[in-house]
Amino acid sequence: MRLELIKRPQQSPLFSALSPFLALGLTLIAGAIMFLALGKNPFSALYFFFIDPLLEVWSLHELAVKAAPLILIGVGLSICYLSNNWNIGAEGQFIVGAIAGSILPILFPAFQSWIVLPLMLLMGIAGGAAYGAVPAVLKARFGTNEILTSLMLVYVAQLFLDWLVRGPWRNPEGFNFPETRNFHSYAILPEMLPASGRAHWGFAFAIIAAILLWFMLARTLKGFEVKVIGQSPRAGRFAGFSRTRMIIFAFLVSGGLAGLAGISEVSGAIGQLRPSISPGYGFTAIIVAFLGRLNPLGIIAAGLVLALSYLGGEAAQISIGVTDKVARAFQGMLLFFVLACDTLIHYRIRLVKPAPALAAAPANERVEKHA
Amino acid sequence: MLESILITVATAATPLLIAAIGELVVERSGVLNLGVEGMMIMGAITGFAVALTTGSPWLGIFAAIIVGALVSLLFGFLTLTLVTNQVATGLALTLFGLGLSGMIGESFVGRPGIRLGTLDIPVLGDLPLVGRLIFGQDPLFYISIMLTAAVAYFLFSTRAGLMLRAVGDNHVSAHAQGIKVVRIRYLAVMFGGACAGLAGAYLSLVYTPQWVENMTAGRGWIALALVVFASWRPWRVVAGAYLFGGVTIGQLHAQAQALAIPSQLLSSLPYLATIAVLVIISRNRRLTMMNTPASLGRPFVPDR
């Protein structure tokens, strides 16, 4: 038995729509098997993982808190991946955005005015974009592999943040804890519905960003340029699109959005800087981008699904005593299934029994004799 | 003092070397597996857990090699049989490996590990200066050098190695020649996985015998960078690995000296060095172009 791929004449619209759901279904089945192997009842485990967090209002708020950075980063990454720029350092851009955005409330705590928050958000965007520009410029100028450089910069950013909060930015009244001073009230990104839960305006930013980028991709020349350069750099050149400018553009957009996610998380959900401000949002957002099929509107839904997996991990740890690390294994598995199911869009899969392979054997022999 | 520094440089370099040599073979066959970090961390937890439960570090190493190869098979099935995007699939492998290892390793955090002993060759090991350096290392150090020699010989002096390079340079022509492109790539990917698993076990059984989540700390990615740095030539990987081992150990010693430079900034040196090296190498476009396997990362569906 052997798998054989047969190229479809055109992309299958059915599987384009269906593949993310197929992938989710397969992940749930694999997850059930995994829980069974851990000695847990798979049905109650999956219930606590994926249903229970949706039943209460406060936890829906938490879902929005976790989905906000995932969607913001994910839609930015979709521009990168569509244009064939492999930015995998969004985690670093998230951190630098958070640091840049925190300069005002931490270093100038006496500066208290309504203008502080907008400035913080802008500085966060600028910080993330600037950090994203580093691998972009290196790629555009020297042809340096952006995958490796953007990833290396994640470690650098994490260490830099660690140094800041333990060193120069440590809270002077903080009993030596490795954290900065708490942001003053003008520096806090407000909650959307304070009466019912914690969800802050970062979620609104995420939805707005997704809609704007969807519009850009679907309706503007720039969006067309992104896709042409990604699918066929040669055709892009003939159309007069600059590959170099696209590299910079894609990284600036995704870096800026990751930076916005960073400062929103810090000023909306945490309220200060700590050695670790992200449970790997920048990496999980890669999965979000692919699960959303690189379509910004799809990414909104995908961001909610992966946010749920974070919440589910915490819920399952409390209720059935499995480690919340399960969530990360789940997320990795999900990306495998997403990629595998996407194959169905371009190919039909046929199982071939050994018999026809035997019939083909003489042809092979002939080739070898000629050689 | 100098002798002990040089020995620790070797322990920092060996895992990089093993993982990079494996990836070099994979990339020579035209496949870009970005999952080295994930396979390495799976090797690290497997090696640690098996060594701890059986009491034998060698069993741990053996299990890590097997698990590394098995995990890489997952990548192989997706990219070679289902022709998924290699970059994305490699990332998936890394994320999956980091997640799964964290889950498996939960109960091993903080447990004291087992260290693989060094090889003490009686008389030669007592030679001044070079004695311990050349004859008193851990066994995997010797294996890493032999592995490099074997890969260099295989790639450039055997028929199978030629076939593997042909597949990596032009899979269409290789296929037309009757070479089983997909089969060779599967084998190369599994070899890379086995090497990454071994490299991971080195970390958790020799370098720092304990289990810490994410303990590979980007070494899988540095190994990937080393392959580019070495322009896909085995012996140059050794030079690169030892250069990075030197940077790593150098910054650790600088931290121990309690200099005025913050330790976090010193810790970021290996990552910054990787970027610097990549830039220097890629500036010379002709050199990179000439050595990059031409089919690297490109999907292949055999026409029948």
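Lettering follows sequence order; numbering is per chain, from 1.
Classification of the His175(B)-Phe300(B) ring pair by plane angle, with boundaries at 30° and 60°, yields perpendicular. Ring geometry, Tyr271(B) versus Tyr155(A): the interplanar angle falls under 30°, so the pair is classed parallel (tilted spans 30 to 60°).
Of all the listed residues (Ile281(B), Thr79(B), Leu74(B), Ile104(B)), the one sharing the greatest number of non-hydrogen pairs under 4.5 Å with chain A is Leu74(B). Looking only at heavy-atom pairs under 4.5 Å with chain B, the residue among Val134(A), Leu334(A), Ile6(A), Leu148(A) that has the most is Leu148(A). Chain B forms the most heavy-atom pairs under 4.5 Å with one residue out of Thr149(A), Val338(A), Leu339(A), Leu335(A), and that residue is Leu339(A). Across Ile147(A), Asn145(A), Leu344(A), Leu151(A), the residue that shares the most heavy-atom pairs under 4.5 angstrom with chain B is Leu151(A). Comparing Ser282(B), Gly97(B), Pro262(B) by how many heavy-atom pairs each has under 4.5 Å with chain A, the most go to Ser282(B). Contacts with chain A were tallied for Thr94(B), Asn85(B), Ile280(B); Asn85(B) has the most, counting heavy-atom pairs under 4.5 Å.
Interface remark: Leu38(A) contributes side-chain atoms only to the contact with chain B (heavy atom separation under 4.5 Å). Only the side chain of Thr274(B) comes within less than 4.5 Å of a heavy atom in chain A; its backbone stays farther off. Both the backbone and the side chain of Phe336(A) come within contact range of chain B, judged by heavy atoms closer than 4.5 Å. Contacts between Leu138(A) and chain B at a heavy-atom distance below 4.5 Å involve the side chain alone, from C-beta outward. Proximity to chain A involves both the backbone and the side chain of Leu224(B), based on heavy atoms less than 4.5 angstrom apart. For a residue to count as touching a neighbouring chain, one of its non-hydrogen atoms must lie under 4.5 Å from one of that chain's; by this rule Ile179(B) does not touch chain A. Only the backbone of Arg141(A) comes within contact range of chain B, judged by heavy atoms closer than 4.5 Å. There is no contact between Leu269(B) and chain A, counting heavy-atom distances below 4.5 Å. Using a 4.5 Å cut-off between heavy atoms, Ile349(A) touches chain B through its side chain atoms alone.
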### Task
Kindly determine whether Trp221(B) and Leu34(B) satisfy side chain to side chain contact (heavy atoms under 4.5 Å, CB included), including the steps that lead there.
CA-CA 8 Å; Trp221(B) 294 102; Leu34(B) 293 182; 4.1 Å; yes
#### Entry: Test side chain to side chain contact (heavy atoms under 4.5 Å, CB included) applied to Arg219(B) and Leu203(B), step by step
CA-CA 10 Å; Arg219(B) 285 189 183 82; Leu203(B) 291 177; 3.8 Å; yes
### Message
Could you go through Phe142(A) and Val137(A), starting from their C-alpha distance and side-chain angles, then the distance that decides it, and tell me whether this counts as side chain to side chain contact (heavy atoms under 4.5 Å, CB included)?
### Response
CA-CA 8 Å; Phe142(A) 304 117; Val137(A) 169; over 6 Å; no
### Task
Carefully, step by step, assess Leu164(B) and Arg28(B) under the rule side chain to side chain contact (heavy atoms under 4.5 Å, CB included).
CA-CA 7 Å; Leu164(B) 184 135; Arg28(B) 276 281 184 179; 3.7 Å; yes
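Across all non-hydrogen atoms, the minimal contact from Gly218(B) to Glu37(B) is N-OE2, 2.9 Å. In terms of heavy atoms, Ser254(A) sits closest to Leu77(A) at CB-N, 3.9 Å.
Proximity of a side-chain donor or acceptor of Glu213(B) to a complementary backbone N or O of Gly102(B) within less than 3.5 Å is not detected. For Arg283(B) (side chain) and Val279(B) (main-chain N/O), no donor-acceptor pair under 3.5 Å exists by modelled atom type. A donor-acceptor pair is defined here as one N or O able to donate and one able to accept, closer than 3.5 Å; such a pair exists between the side chain of Tyr131(A) and the backbone of Leu153(A). Looking at Lys40(A), its side chain does come within 3.5 Å of a backbone N or O of Ile320(A) through a donor-acceptor pair. Looking at Ser101(B), its side chain does come within 3.5 Å of a backbone N or O of Leu98(B) through a donor-acceptor pair. For the pair Ser295(B) (side chain) and Gly30(B) (backbone), a donor-acceptor distance under 3.5 Å is absent.
Among the residues in residues 156-164 of chain A, those with a non-hydrogen atom closer than 4.5 angstrom to a non-hydrogen atom of chain B are Val156(A), Leu159(A), Phe160(A), Asp162(A), Trp163(A). The contact list for residues 275-288 of chain A toward chain B, using heavy atoms and a distance under 4.5 Å, reads Phe283(A), Ile286(A), Ile287(A) by residue number.
The CZ atom of Phe290(A) lies 8.5 Å from the CG atom of Asp342(A); values are rounded to the nearest 0.5 Å.
A donor and an acceptor atom, one from each side chain of Ser150(A) and Gln93(A), are nowhere located under 3.5 Å apart. Residues Thr89(B) and Thr84(B) have side chains that bring a donor and an acceptor to within less than 3.5 angstrom of each other.
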